[in-house]
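Structure, as structure tokens:
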Amino acid sequence: MKPSWYRRPVLDVARDLIGCVVTHGECSGVIVEAEAYHHSEPASHAFVGLTPRTTTLFGPPGVAYVYRSYGVHAMLNAVCEPPGVGAGVLIRALEPVSGLDLMRTRRGLDDVRRLCSGPGKLTQALGITLSDNGSDLQRGPIVFSARPRAWRDVQIAVSTRIGITKAVELPWRFSAVGSRYVSRGVRAAAVASPAEPVG
DNA sequence: CATGGGATTGACT
DNA sequence: GTCAATCCCATGC
């Protein structure tokens, strides 16, 4: 999608990203779980304001914000809203579509359900690293593209974000209803209004 | 310059 | 269910 598609309220973008495709090299997958983060709430990295670390988040929309988590894992976000607003969508899980053999090699396991069922897992499977931070999500090397036909009317569940200690009550987590590729911890969740078409 | 704390995962009890 | 690995960065002295 083009940069203007991301220049919207981060909650709308997070919801609309469910069903979209992430491609990196020969590997790709459909987004089945994502969370929104915004500088106005303390769980967001951008809450502390503009620092070297958050420069990408406060920059133009439609680019990748990749950071290291727990000193080990790379985490992939899509930067949203106009420049000056620190907002992004954390990609938490993918349903693998192509490049499965390479994903298996990188992950060191065979089970398709475990290849991309977590934010650190999917970056390892797709070969996404910190060097991809700041790259354009339309031009690549990481490419986000619109929902395939089969995903156009995906049902989306809303729940609270996981793995955080602040602003835990905000219902800013979105997932594809019935997907077997989401990360652990999807509990009872309300179903959101039908997703809007991507375009 | 020292310190504390993660938007996690995988191995183990 | 518990817990260590591992390192970058924001903060405070």
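Just so it is clear: chains get the letters A, B, ... in the order the sequence lines come, proteins before strands, and each one is counted from 1. Just so you know, these numbers come straight off a predicted model, no measurement behind them.
Across all strands shown, C:dC9 is found opposite B:dG4 as a Watson-Crick or G-U wobble partner, with both distances under 3.5 Å.
A:L50 has its CG atom 14 Å from the C1' atom of C:dC9, to the nearest Å. Between A:R68 atom CZ and B:dG5 atom C1' the separation is 16 Å, expressed in whole Å. Distance A:H45 NE2 to C:dC7 P: 17 Å, rounded to the nearest Å. Taking atom CZ of A:F47 as the reference point, atom C1' of C:dA10 lies 14 Å away to the nearest angstrom. One can place OH of A:Y67 at 13 Å from P of C:dA10, the figure rounded to the nearest angstrom. Between the CG atom of A:L17 and the P atom of B:dA7 there is a distance of 20 Å, given to the nearest Å. B:dT8 atom P lies 19 Å from atom CG of A:L115, rounded to whole Å. What separates CE of A:M75 from P of C:dC7 is a distance of 17 Å, to the nearest Å.
Ranked by how close their nearest DNA chain C nucleotide is to the 5' end, A:H73 and A:V48 are led by A:H73.
Within the structure, a side-chain polar atom (N or O) of A:R107 is placed less than 4.0 Å from OP1 or OP2 of B:dG10. Neither OP1 nor OP2 of B:dA7 sits under 4.0 Å from any side-chain N or O of A:S69.
Nearest nucleotide to the A:N77 side chain, out of B:dA7, B:dT9, C:dC8: B:dA7. Considering only the side chain of A:R53, C:dA10 comes nearest among C:dC7, C:dA10, B:dG10. With B:dT9, B:dT8, B:dA7 as the choices, the nucleotide that has an atom nearest any side-chain atom of A:Y70 turns out to be B:dT8. The side chain of A:P119 sits closest to B:dT9 out of B:dT9, C:dA10, B:dA7. Of the candidate nucleotides B:dA7, B:dG6, C:dA10, B:dG6 has the atom lying nearest to any side-chain atom of A:K166.
When side chains are defined from C-beta on, A:E33 does not count as touching A:I91, because their heavy atoms never get closer than 4.5 Å. The shortest distance between side-chain heavy atoms of A:W5 and A:L17 falls below 4.5 Å.
Counting non-hydrogen atoms under 4.0 angstrom, A:R161 reaches nothing in the nucleic acid. Counting non-hydrogen atoms under 4.0 angstrom, A:R114 reaches nothing in the nucleic acid. A:I164 comes within 4.0 angstrom of the backbone, heavy atoms only, and of no base.
In this structure, the ring of A:Y37 has its center no less than 6.0 angstrom from the ring center of A:H45.
Ring pair A:H39/A:F58 is parallel by interplanar angle, where below 30° counts as parallel and above 60° as perpendicular.
Shown are A:E41, A:E169, A:E35; of these, the salt bridge (charged side-chain N to carboxylate O under 4.0 Å, His left out) with A:R161 is made only by A:E41.
Both thresholds, 5.5 Å between centres and 30° between ring planes, are met by A:Y37 relative to the base of B:dA7, so the two rings are stacked.
For the pair A:R92 and A:F174, the cation-pi criterion (under 6.0 Å, within 45° of the ring axis) is not fulfilled.
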